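Notes follow the structure.
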Amino acid sequence: MGSKKKTILKLSGAVAAMYLFSFLLVPLYDVFCDITGLNGKVAQTTNAESSISIEGREIGLQFISHNNAGMPWTFKPSKEVSKIKTGTMYEATFYAKNTTNKMMVGRAVNSVAPTNAKDYIKKIECFCFAEGIELMPGEEVLLPIKMVVDNELPKNIKNIVLSYTIFDSNLENNIIMDHDSDHAGS
Amino acid sequence: MSAVIENHHNEHDHHGPAKGLKRWFYTTNHKDIGTLYLWFSFAMFLIGGAMAMIIRAELFQPGMQIVEPEFYNQMITLHGLIMIFGGVMPAFVGLANWLVPMMIGAPDMALPRMNNLSFWILPFAFFVLLSSLFMEGGAPNFGWTFYAPLSTTYAPPSTTFFIFSVHIMGASSIMGSINVIVTIMNMRAPGMGLMKMPLFVWSWLITAYLLIAVMPVLAGAVTMMLMDIHFGTSFFNAAGGGDPVLFQHIFWFFGHPEVYIMILPAFGIVSHIIETFSRKQLFGYSSMVWAMLSIAILSFVVWAHHMFTVGMPLAAELFFMWSTMLIAVPTGVKVFNWIATMFKGSITFETPMLFACAFVVLFTLGGFSGLMLAITPADFQYHDTYFVVAHFHYVLVPGAIFSIMAAVYYWIPKWTGNMYDERLGRLHFWLSFIGVNVTFFPQHFIGLAGMPRRVPDYALQFADWNMVSTAGAFLFGFSQVFFLFIVVKTVMGGKQATDQVWEGARGLEWTVDSPAPYHTFSVPPKVS
């Protein structure tokens, strides 16, 4: 009956491997999204100079902002819609204010539409790269974005939408506040 | 798969079952454990069915009539979980316990004590799950797919109990599958090569591999939920750098193979029954095996067709659309083989055959609505509507559950030694057949018209078909109580069954006495 034990061992090994694999899916998912450009997250680049050129064309750029449920901050782009030139450095700001009476840490998650514009947006600086934005009670800040849209941007893309969602980084608060947010609306 | 048994007299030396309740707690006998699994799944089927009745009663008319919306959500969640993990899966495991050793000429399952354990943890899993109904905040209310953040940030406190019960169910399934694989790989009677195995054994071998591959992934998913809820991790929380869409990917990576786990054993059962009652050899045995293998392998690369509307790029949507449609090919091979087996056979329509024929027709119908859902651009209209509800109920109720009922009618004479009452069996079939179609066919219409799933109330234009659907549901529900009566009546007594039971039956299980002795094949039979 030695072969029986062998089968059992092999199968138990497969079970353990698949359990580990389920956790491996977490980094794999990020890597996969990164390679394929799914999920529309723009990564930080340092060598944006190569994208700068003089003969750019005009495209529409729109910033939109969301507050995740239970996030009380005021959070909005300083200028919502603008016309920009590809190949030219563009600077924008977001306004954020901690409206509560305690210190809070926020975190912004970004997304791009259309998704295939993602590879042509070079961000040199963005508050969305920060793991946390710390604001004292009542404190307000202007959060900077510095970016270039590459000249190679496909011709059919005439408008780009950059979306930012602000989250409360303190998860404990998240859960407590959800009960209030039922009435507060979005 | 003919065999000669020369060792009947030897079996009288063995001791019989122990007396009283102890027999069932301590048993390591595959037949006892099979019986336990089958009764347990029947009980769960009735509990889950009672919940379906509450759902349908609430949907009888628009507006809120009977239950609160919060309770309605708990009902749809528990109905799904109980029917899948408590009804269909344990029923198939029960059938595997009863039939696999007898079909391959083995004396018992390979790991009898683990077999006992894997059954006896199940009642605790469902006790934990059902007890959440009485907890503060109520039972889980996020649907059986428990998408984050509904099941993490917004979940009731009882979710932790739900997580543990899923862990226990998973452990039970994994142990059960290890047992099945070890039995099949190591304990076949001499002469029974892999390509000589009965198709039910093949279907379970493949199913068991699927279970081993995906149940740990489900365990991983609920573990991540547990950590997000209690230990401050952010697997599925964007505020901490996680992603809720990741949950859907992990869940459906488990979830899609899971739906084949619930249908492959049915393919095996139906193949046996159609073969027997057509009095012909099954058409295309090896293509049946290959079809099941290809369905199993393909099931790992189609999961995202459950989430076409989540926001995927075109390339991914096309890939998942085509890979999904590819599954129709091996499934079509199976359907054609069943029809070819019936072709020019001398068919009689006893109850098992009636259920098997209904299976072929109605499962195919459910498969076609699945193909419609696989078309990405069309799916944006069907997604999360009653059309989806109609689709998966067509493949699960007249698919998986009809096959289980067919199996019960087909093998119960072997299990109990008594023939069931044919007239009552046919009546049960026709009531179920009419009930299931009256319930679920109209749901295609209201789904295409735009009624969303998982709602306790709906717009007035859906009222008529919902009323029809509810009427059908109650007809189907009460026919299953009638089924319970038929089963109990057969267990209590009935016409003595012959050893072969059915004129066209082949296979080792039909060579032993009826009822099957407590111990069979202590000496392996020779398979020529």
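A quick note: this is a predicted structure, and the numbers were derived from the prediction, not measured. Chain letters run A, B, ... following the sequence lines, proteins first, then strands; residues in each count from 1.
Contact tally against chain B (heavy-atom pairs below 4.5 Å) for A:Val26, A:Leu11, A:Ile8: the top residue is A:Leu11. Across B:His249, B:Met185, B:Met224, the residue that shares the most heavy-atom pairs under 4.5 angstrom with chain A is B:Met224. Each of B:Ala221, B:Pro216, B:Ala219, B:Ala315 has some count of heavy-atom pairs under 4.5 Å with chain A, and the biggest count is that of B:Pro216.
Expressed to the nearest 0.5 Å, how far NZ of A:Lys10 lies from CD1 of B:Ile212 amounts to 12.0 Å.
Within the 4.5 Å cutoff, no side-chain heavy atoms of A:Tyr29 are placed close to those of B:Ile250.
Within the structure, side-chain hydrogen bond (donor to acceptor under 3.5 Å, both in side chains) pairs that include any residue of residues 154-166 of chain A comprise A:Lys123-A:Tyr164 (at least two apart or interchain).
Interface residues of residues 16-24 of chain A toward chain B, defined by a heavy-atom distance below 4.5 Å and sorted by number: A:Met18, A:Tyr19, A:Phe21, A:Ser22, A:Phe23. Of all residues in residues 132-140 of chain A, none places a non-hydrogen atom less than 4.5 angstrom from a non-hydrogen atom of chain B. The stretch residues 158-177 of chain B places B:Ile174 near chain A, each with some heavy atom under 4.5 Å from a heavy atom of that chain.
Minimum interatomic distance between A:Leu25 and B:Leu246 (heavy atoms only, all atoms of both residues): O-CD1, 4.0 Å.
Remark: B:Glu136 CD is loosely packed, at most 12 non-hydrogen atoms of other residues, nucleotides or ligands lying under 6.0 Å away.
When heavy atoms are compared at a cutoff of 4.5 Å, B:Tyr209 approaches chain A solely by way of its side chain, counted from C-beta outward. Using a 4.5 Å cut-off between heavy atoms, B:Leu314 does not touch chain A at all.
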